[in-house]
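Starting from 1, each residue takes its place in the sequence as its number.
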Amino acid sequence: MLDARLLRLDDQAHHHAHDHHQLVLSLAGRAEFEVDGRGGEVCRMRACLVPGDAGHQFAGMGDNRMLILDLDGQGTSAEDLDMLGRLFETPRYPELDADFQNLLNYAGAELARYGSDPLLARSLGGILLRALYLRLFGEARRRPAGSLDMERLDDYIRDNLARRISVAELAQVACLSPSHFHAQFKDGMGLTPHQYLLKTRLDRAARLLRESDRPLVRIAEECGFSSQSALTTAMRRYLGLTPKRLRGAE
């Protein structure tokens, strides 16, 4: 069984447990989840995989629109059962690249228009599920043997987040040519270096908005955005929320 639906999660904390797996994706806005004690956030750049029978809590944060897939093993082929077993072996909050977000936008628009058609819902849900599976497991087998030192790169990015960081600069930290670094980074992380930098800046800005009372213009500067309006535009596009709503959602 695969059921796809669109839903707004309210800001009240809910406690759930059910015997089917669940994939939660954000079309707009965000929500906070805790699955078997493991907390995380669902937003445009991050999903949530809830294994069947896992106790979980969740709450929407401000305006949001989620696409939720409910799945169980009934009538499922052996290959698909293996896929579900790997995907939902443990609670996960996988990161979503730009191509997946485009696919998600398309699926959301079709479900909003023809959501009463169960065949369409199952087909779109299956495509999203398979695309996520390939990002988590399929591409890993094709990654280059020489892996990047992400801890070193993350330390460098964090220490220099307030200014512009070029791909050539990161390639130098990794001791690779810019072209080799770009290809290896995308193969290994599922994001281009530019997308990863933007995600890091947005994650940091969102955390500062929720956990501090610093002025928005200062947060924008600390996170490497050229202006307050640049931060607002990026948050609206990739998180589906403005900084004001994000700060007021707590």
Side-chain angles (χ1 to χ4, degrees), residues 1-76 83-84 87-88 90-97 100-133 135-136 202 206 210 235-242 245-246 248-250:
M1 179 201 80
L2 189 158
D3 179 55
R5 54 201 168 96
L6 303 179
L7 187 67
R8 180 190 181 278
L9 301 180
D10 64 47
D11 57 4
Q12 298 298 314
H14 295 270
H15 302 259
H16 270 203
H18 38 66
D19 59 3
H20 59 269
H21 302 314
Q22 198 169 70
L23 170 60
V24 184
L25 300 156
S26 172
L27 293 166
R30 67 188 186 97
E32 291 187 346
F33 273 71
E34 183 177 299
V35 186
D36 276 350
R38 183 177 299 182
E41 181 179 86
V42 177
C43 63
R44 289 287 297 162
M45 293 182 171
R46 193 174 293 111
C48 179
L49 287 159
V50 182
D53 295 326
H56 54 285
Q57 305 176 43
F58 62 88
M61 309 300 291
D63 291 339
N64 67 83
R65 186 162 165 261
M66 302 290 159
L67 193 161
I68 299 175
L69 301 182
D70 295 319
L71 311 114
D72 63 28
Q74 295 181 7
T76 304
M83 177 181 70
L84 293 179
L87 272 173
F88 293 96
T90 184
R92 306 176 193 272
Y93 297 92
E95 295 175 354
L96 307 177
D97 58 52
F100 189 94
Q101 290 175 31
N102 289 333
L103 180 61
L104 177 58
N105 287 339
Y106 171 77
E110 291 299 293
L111 285 172
R113 179 177 295 180
Y114 303 115
S116 59
D117 186 312
L119 181 58
L120 177 72
R122 288 196 298 272
S123 299
L124 290 172
I127 291 171
L128 289 169
L129 201 67
R130 189 66 185 178
L132 182 60
Y133 174 84
R135 281 159 170 76
L136 290 176
L202 286 172
R210 293 195 301 269
M235 281 197 159
R236 183 183 291 114
R237 178 177 180 184
Y238 293 102
L239 301 183
L241 286 173
T242 63
R245 286 186 175 177
L246 183 59
E250 295 300 317

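Residue pairs that meet the salt bridge (Lys or Arg N to Asp or Glu O under 4.0 Å) test with at least one member in residues 52-64, sequence neighbours left out, are D63-R245.
Listed by chain and number, the residues in a side chain to side chain contact (heavy atoms under 4.5 Å, CB included) with A112 are L6, R65 (sequence neighbours excluded). Partners of E41 under the salt bridge (charged side-chain N to carboxylate O under 4.0 Å, His left out) rule, at least two apart in sequence or in another chain, are R30, R210. In this structure, the side chain to side chain contact (heavy atoms under 4.5 Å, CB included) partners of E110, at least two apart in sequence or on a different chain, are Y106, Y114, L120, L124. Taking the side chain to side chain contact (heavy atoms under 4.5 Å, CB included) definition, one finds that S123 meets it with L119, sequence neighbours left out. Partners of I127 according to the side chain to side chain contact (heavy atoms under 4.5 Å, CB included) rule, which considers only residues two or more places apart in sequence or in another chain, are L103.
Checking side-chain atoms of H21 against main-chain N and O of G52 turns up a donor-acceptor pair under 3.5 Å. Side-chain atoms of D10 do not come within 3.5 Å of backbone N or O of R8 as any donor-acceptor pair.
Just one of R44, R46, R135 meets the salt bridge (charged side-chain N to carboxylate O under 4.0 Å, His left out) condition when paired with D97; it is R135.
V24 has its side chain out of reach of V35: every pair of non-hydrogen atoms, C-beta onward, lies at least 4.5 Å apart. In this structure the side chain of L49 reaches within 4.5 angstrom of the side chain of L132, judged on heavy atoms.
For the residue pair T90 and P51, the shortest heavy atom distance occurs at C-CG, 3.7 Å.
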